[in-house]
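Input: a single structure, listed below in structure tokens.
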Amino acid sequence: MSPTLPTHVKLVEVGPRDGLQNEGALIPTADKIRFIQALGKAGLTHIEATSFVHPKAVPQMADALEVLASLDLSSNSPITYSALVPNLKGLERAIDSGVKRIAVFTATSNSFTQKNIGMTVAESLTTFETVVQQALAAGLSVRGYVSTAWVCPYEGQMPAESVRDVTEALFNMGVDEVSLGDTIGAATPVQIQHTLSVLLNKHPNYLSALALHCHDTYGTALANVMAGLQMGISTFDASAGGLGGCPYAPGASGNVATEDVVSLMDRLGINTGVDVTRVVEATALMETLLGRPLTSKTYQRLRTVKTESCV
Ligand code: HMG
Ligand code: MG
């Protein structure tokens, strides 16, 4: 293994939130819980379970409270569950739920942020100052997202300097991790590395607290993960089955599939603590529940191997 690659990678499973938020048909709460449990059995220790957003904005997340009520949110649990929170109302609901980790989410582009959460980027950062302060005071930990970190569906290519500035603002207010989103899956590996260089040249100490969140519109998400890995990034968001998308980002397709990331790390000799065959079982469950085929490469391959071994 190349000495420059990390030896351990943390995966943040976003399937129950990003993966399901774009599904048109409402998935019964009990099925979401089964999916989350299957992901936990695969060894995923960070699972973004739901969102405290307006139910009209994302109807699929209306059952956030019920989903979290069925999970072990205690500090003894080996799994950290988290939920998206866009404002103080969302924080109030999150605190009531007992969830211990939240994620605030903004972007580099005003057009996207306006459509997504009804605020400019600057307004979102002002809102989050209070949200993060109150969340930390209530004993919660906070992650931050910077969406459209490379390309905005409305404004096109975004400057790396904007990513740097928004990331700085989030860390300065007290988030412990920032996930950079290739929201519409349009970045190339070279662009991933350029933006990371601009950010890390000024703030080398951010490295261990940065995550990459790659959507897979053009099939380059796994290449982008590799590009991040080569820059020393060791936290990646992924979604079982490659599900996902944002209702306010036209053109956004699924996330990089968890099973594809785990399989890549396994073959690179990098430890994730996740059992790829169990992730495939979670994907198979969701495929059955959704009633349509899920097509990640690793899922197709391991499902075939299983079928072959049964013959
Ligand atoms: P708004 O309508 O501007 O909210 O929505 P408002 O503050 O004007 O309030 C209007 C009403 O909404 C009030 O109720 C509030 O109480 C209620 P009323 O007094 O009229 O009865 N309200 C809420 N209810 C429940 N939960 C809340 C909440 N806030 C206000 N949190 C808002 C603003 C932010 C709520 C809305 O635009 C929204 O929910 N947006 C969420 C959009 C979303 O979830 N997008 C997908 C996630 S982001 C993503 O996918 C990208 C990511 O994956 C990374 C990447 O890929 O790049 C993270
Ligand atoms: Mg996303």
Side-chain angles (χ1 to χ4, degrees), residues 12-23 48-65 82-97 99 102-109 111-121 123-124 126-128 130-131 134-135 142-154 158 162-163 166-167 170 175 177-187 192 195 210-217 221 224 235-239 242-258:
V12 178
E13 171 62 44
V14 296
R17 193 278 303 169
D18 196 321
L20 302 186
Q21 72 184 8
N22 222 16
E23 289 296 325
E48 195 168 77
T50 187
S51 302
F52 286 106
V53 295
H54 197 294
K56 278 197 189 134
V58 186
Q60 193 66 258
M61 298 291 118
D63 58 358
L65 211 55
S82 59
L84 289 196
V85 162
N87 55 15
L88 278 170
K89 172 79 183 173
L91 177 64
E92 208 178 285
R93 295 173 62 207
I95 290 174
D96 286 348
S97 77
V99 77
I102 61 162
V104 293
F105 53 107
T106 185
T108 60
S109 127
S111 319
F112 173 75
T113 314
Q114 281 282 8
K115 288 196 168 37
N116 198 36
I117 53 173
M119 307 176 215
T120 62
V121 174
E123 285 165 353
S124 73
T126 305
T127 302
F128 296 163
T130 318
V131 171
Q134 293 192 11
V142 189
R143 160 184 250 223
Y145 278 101
V146 182
S147 286
T148 65
W150 285 273
V151 186
C152 167
Y154 310 103
M158 299 308 292
S162 307
V163 179
V166 178
T167 304
L170 288 168
V175 311
E177 183 172 86
V178 170
S179 178
L180 305 178
D182 181 19
T183 311
I184 58 167
I192 294 281
T195 297
L210 286 177
L212 277 188
H213 178 104
C214 299
H215 284 265
D216 199 27
T217 314
N224 289 343
T235 301
F236 297 93
D237 300 354
S239 167
L243 289 164
C246 173
Y248 299 94
S253 70
N255 288 83
V256 69
T258 311

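Throughout, numbering of the chain's residues begins at 1 and tracks the sequence. Start at 1 and go down the list; that is how both ligands and their atoms are numbered. If you're wondering where the values come from, they're calculated on a predicted model, not measured in any experiment.
At least one side-chain heavy atom of Pro250 sits less than 4.5 Å from a side-chain heavy atom of Tyr154. The closest side-chain heavy-atom distance from Val256 to Leu212 is not below 4.5 Å.
In terms of heavy-atom proximity, Ala62 sits nearest to Pro55 at CB-CB, 3.9 Å.
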Under the side-chain contact (heavy atoms from CB on, under 4.5 Å) rule, what do Asp96 and Phe52 come out as? Steps first, then yes or no, please. CA-CA 11 Å; Asp96 286 348; Phe52 286 106; over 6 Å; no

Apply side chain to side chain donor-acceptor pair (under 3.5 Å) to residues Thr148 and Thr183 and explain how you reach the verdict. CA-CA 5 Å; Thr148 65; Thr183 311; 5.3 Å; no

Please produce the table of protein N or O atoms sitting under 3.5 Å from N or O atoms belonging to ligand 1, one pair a line, distance to 0.1 Å.
unit_1: ligand 1; atom_1: 12 (O); unit_2: His54; atom_2: NE2; d: 3.3
unit_1: ligand 1; atom_1: 26 (N); unit_2: Val53; atom_2: O; d: 3.4
unit_1: ligand 1; atom_1: 26 (N); unit_2: Arg93; atom_2: NH1; d: 2.9
unit_1: ligand 1; atom_1: 29 (N); unit_2: Asn87; atom_2: ND2; d: 2.8
unit_1: ligand 1; atom_1: 31 (N); unit_2: Phe52; atom_2: O; d: 2.9
unit_1: ligand 1; atom_1: 31 (N); unit_2: Asn87; atom_2: OD1; d: 3.1
unit_1: ligand 1; atom_1: 31 (N); unit_2: Gly90; atom_2: N; d: 3.4
unit_1: ligand 1; atom_1: 37 (O); unit_2: Asn116; atom_2: O; d: 3.4
unit_1: ligand 1; atom_1: 39 (O); unit_2: His54; atom_2: N; d: 2.7
unit_1: ligand 1; atom_1: 40 (N); unit_2: Asn116; atom_2: O; d: 3.0
unit_1: ligand 1; atom_1: 45 (N); unit_2: Asn116; atom_2: OD1; d: 2.8
unit_1: ligand 1; atom_1: 50 (O); unit_2: Arg17; atom_2: NH1; d: 3.1
unit_1: ligand 1; atom_1: 50 (O); unit_2: Gln21; atom_2: NE2; d: 2.7
unit_1: ligand 1; atom_1: 53 (O); unit_2: Arg17; atom_2: NH1; d: 3.3
unit_1: ligand 1; atom_1: 53 (O); unit_2: Arg17; atom_2: NH2; d: 2.9
unit_1: ligand 1; atom_1: 53 (O); unit_2: Asp18; atom_2: OD2; d: 2.8
unit_1: ligand 1; atom_1: 53 (O); unit_2: His213; atom_2: NE2; d: 3.2
unit_1: ligand 1; atom_1: 56 (O); unit_2: His213; atom_2: NE2; d: 3.0
unit_1: ligand 1; atom_1: 56 (O); unit_2: His215; atom_2: NE2; d: 3.0
unit_1: ligand 1; atom_1: 57 (O); unit_2: Ser147; atom_2: OG; d: 2.7
unit_1: ligand 1; atom_1: 57 (O); unit_2: Thr183; atom_2: OG1; d: 2.6

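Defined by atom type and a distance below 3.5 Å, a donor-acceptor pair is missing between the side-chain atoms of Asp18 and Ser239. Defined by atom type and a distance below 3.5 Å, a donor-acceptor pair is present between the side-chain atoms of Thr106 and Ser124.
Judged by the 6.0 Å and 45° rule, Arg17 forms no cation-pi pair with Phe105.
Looking only at distances, no side-chain donor or acceptor of His215 sits under 3.5 Å from a matching main-chain atom of Ile184.
Atoms of the protein (N, O or S only) found under 2.8 Å from the Mg ion (ligand 2) are Asp18 OD2, His213 NE2, His215 NE2.
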